[in-house]
Amino acid sequence: MSSTPHSFEVESVLSQLSLEEKASLTSGSHFWYTQPIERLGVPRIMVSDGPHGLRAQPDTGDGGDHVGLGGSLPATCFPTAAAIASSWSPALLRRIGEALAEEARAINLSVILGPGINMKRSPLCGRNFEYFSEDPFLAGELAVGIVDGIQSRGVGVSVKHFAANNQETDRLRVSADVSMRALREIYLPAFERVVTASQPWTIMCSYNKINGVSSSENTWLLTDVLRDEWGFRGLVVSDWGAVYHRVPAAKAGLDLEMPPTAGSPAELVDAVRSGELDEQVVTDRARAVLTLVAKGSHVLELHETADLDAHHALAREAAATSVVLLKNDDNILPLATDRRLAVIGEFARTPRFQGAGSSQVNPTRIDTALDALTAAFPEVTFAAGFGVDDPAHDDVLADEAVTAASAADVVVAFLGLPGSYESEGFDRTHMRLPESQLGLLARLRAANPHLVVVLANGSTIELGQVTPHVKGLVEAWLGGQASGSAVVDVLIGAVNPSGHLAETFPLRLEDNPSHLNFPGDSGHVSYGEGLYIGYRGYDKAARGVAFPFGYGMSYTTFDYDDLQVSVTGSVADGTLAATVSVAVTNTGDAAGADVVQIYVRDPESTAGRPVRELKGFARVDLQPGASETATVRLDQRAFSYWSDLLDRWVVEAGEFVIEAAYDSRTIAASTSITIDAPPVAAPLSAESTLQEWLADPRGGEILRSGRHGTVAILADPEMVAVIGNFPMSALASFGMSLDKAQLAAALAEVSQQ
Ligand code: GLC
């Protein structure tokens, strides 16, 4: 670390601090700042939201608590997580991270509070726009991209919200009641991936409880898993207001409470003095804060400026890369720019480009689709068609829109969710577009069949009343301040769409696996669907969907060929790996990018498993006619599931199917491999069933040998089928199997080998 006026040596400072000073470090000094220790030259550093742009509210000395969501410094509003996730490009995320860090350095900001990587369990979650995906693998890879990008420029992150914060309803109190297996396989892996790959400077614990224990005081979560198992070496900060009991939180592994609570440090001091709390805990928490400040304090000396024009251009490129082309009948897209165009919808003039709440950015500028279309087409007629926040139908606006549509060669309607429909702080209650928009759309279709719809929404919506009416359907998400120009780049073919859905579009809300249990009540929400969120659920229930996870069209076409899988290493020593390669060819006449997706299936598993799971992907940019071999490496975890019996990850021997896919429902090629692995069954015991004993090589041999007594029913396969799932201990009393003494002898022998 270069020595700057604010640099200091952590252990040296720590050794000179009183208990009171150490305790003071574990709470902020201001809504957005850590606590300084002036006498020892320890500065305060600033933290600030948010995931897709800075919402910085520097301390102006007026003592304001800056709880307001507005009033932040201008900053580039990049595409929200839901949008940028559709790029499936960690490399693009990295570039955005570097730009965010550049803007942070320019305002002497040390830590950016993001990315948000919670799973999209329900389409209704109000903050889904801030989260990447329903799939933990994709979310983890994208998180690594943006975290590495930000931290490569000497600015920290706060990966959030750890963990299982998948709804806004009652978010500070609700207990996410979730199985260990679902935690391990669905809700933790994205955090595990980014911690083990990128060592984020900080992790932000969530508001909610997990199985009755608040994340902020959850020792299993913050210490056993995060630090002891994953090797996290950074700082754990609370979500703002997420510390409910200060001393248990410190004990559990929470380093920094934000924002500060009056009297909080004194609670720690009193607890040490009373013997309730070991001073070493306070020292460890203070060390984590000092280490963070030491890492982040260099930005206080910087006098840099950010290239906001370049960042706007990047925001435009990123938004265009995030656009998902869902329908393109008659190749209505890209639009020929010599046509008479009707532009319908207030969103074309007043774009909705971000979500509400703590992530809200004060953008440096805003592009509108209307301006971009007016520049591209000789004749454009605009009609608002509906009121953005007024769900009621407006006949005058609608009539104007229909008139404009009737007179045009082609119509582009900009529809979407009003800001009042989705936000931090509350969840949606349905997945529909406003009736005013749906009613207008039907009239537009009747007036002119050459109709394209562009959507602005932070999470999946029901499209049953949209898709049939249109020839072209474009999902533009909440694409940031440049989304207006970006989506027009796609509409006119300046950019070939390459977005792929990072969340499923179900046919209806009721088909979503979490629907029966969302958002819970009486302080609890049951994650009853277990592993089966998103495509995992729709696949397992064999439900049709409007558009599947991974789906996305292009103005060109791609072909996959020559799928190859080579396996190395072994499960026994934890080194199993597979290299998957597939040749991708651009078979159309336009340059474009595709995302080849690699799914893994475990058809022989004795444990319940999803039909398939995403375990790899690769973006491939190709000129017309060109081919490239995409290569994806699968590690042992790609084949593993969490065994509740053994309380660890296991790979079950047998057949696995590796699939190369255009999306989770369109498999281009697949190949089977057979993997050898140690048994995954729990060690035999008296409570193991007859079937488990017979399935175990040693146990079966002992029972069949009769060495420790005759198991009479082995002679009757039908009886084995009927009572084979009785524990041996229960069978002992039936007189048709080993008695207790014989069973003990058999156990002794099987335990020896
Ligand atoms: C909010 C959000 C969190 C944000 C923090 C600071 O409540 O949950 O994402 O970073 O508080 O604004």
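Read the numbers this way: they start at 1 and go in the same order the structure lists the ligands and their atoms.
- Atom NE2 of His245 has 12 or fewer neighbouring heavy atoms from other residues, nucleotides or ligands inside a 6.0 Å radius.
- Between Tyr527 and Tyr187, the ring planes are perpendicular. Angles over 60° get that label, and only those under 30° would be called parallel.
- For the residue pair Gln354 / Ser359, no side-chain donor-acceptor distance below 3.5 Å is found, with atom types taken as modelled.
- Within ligand 1, the atoms closer than 4.0 Å to a non-hydrogen atom of Met204 are 10 (O), numbered from 1 in the order shown.
- Using cut-offs of 30° and 60° for the angle between ring planes, the Trp88 and Phe617 rings count as perpendicular.
- Counting heavy atoms closer than 4.0 Å to ligand 1, residue Glu168 contributes nothing at all.
- Residue Lys160 approaches ligand 1 through these ligand atoms, each under 4.0 Å from one of its heavy atoms: 3 (C), 4 (C), 9 (O), 10 (O).
- A side chain to side chain contact (heavy atoms under 4.5 Å, CB included) with Val236 is found for one member of Leu221, Leu256, Leu226 and no other, namely Leu226.
- Of all heavy-atom pairs between Ser483 and Ala319, the closest is CA-CB, 4.1 Å.
- Atom 10 (O) of ligand 1 has its closest protein heavy atom at Asp49 OD1, 2.6 Å.
- Aromatic ring orientation, His311 versus Phe78: tilted (interplanar angle from 30° to 60°).
- Checked by distance only, ligand 1 and Tyr207 come closer than 3.5 Å through their nitrogen or oxygen atoms.
- Considering backbone and side-chain N/O atoms, Trp32 never comes within less than 3.5 Å of an N/O atom of ligand 1.
- Residue Met258 places no heavy atom under 4.0 Å from ligand 1.
- Proximity of a side-chain donor or acceptor of Lys160 to a complementary backbone N or O of Asp239 within less than 3.5 Å is not detected.
- Asp239 OD1, 3.3 Å is the protein heavy atom nearest to atom 3 (C) of ligand 1.
- Against a heavy-atom cut-off of under 4.0 Å, Glu424 is close to the following atoms of ligand 1: 1 (C), 2 (C), 7 (O), 8 (O).
- Of all the atoms in ligand 1, the ones that sit under 4.0 Å from a non-hydrogen atom of Arg55 are 12 (O).
- Contact annotation: for Arg127 versus ligand 1, heavy atoms closer than 4.0 Å belong to the side chain alone.
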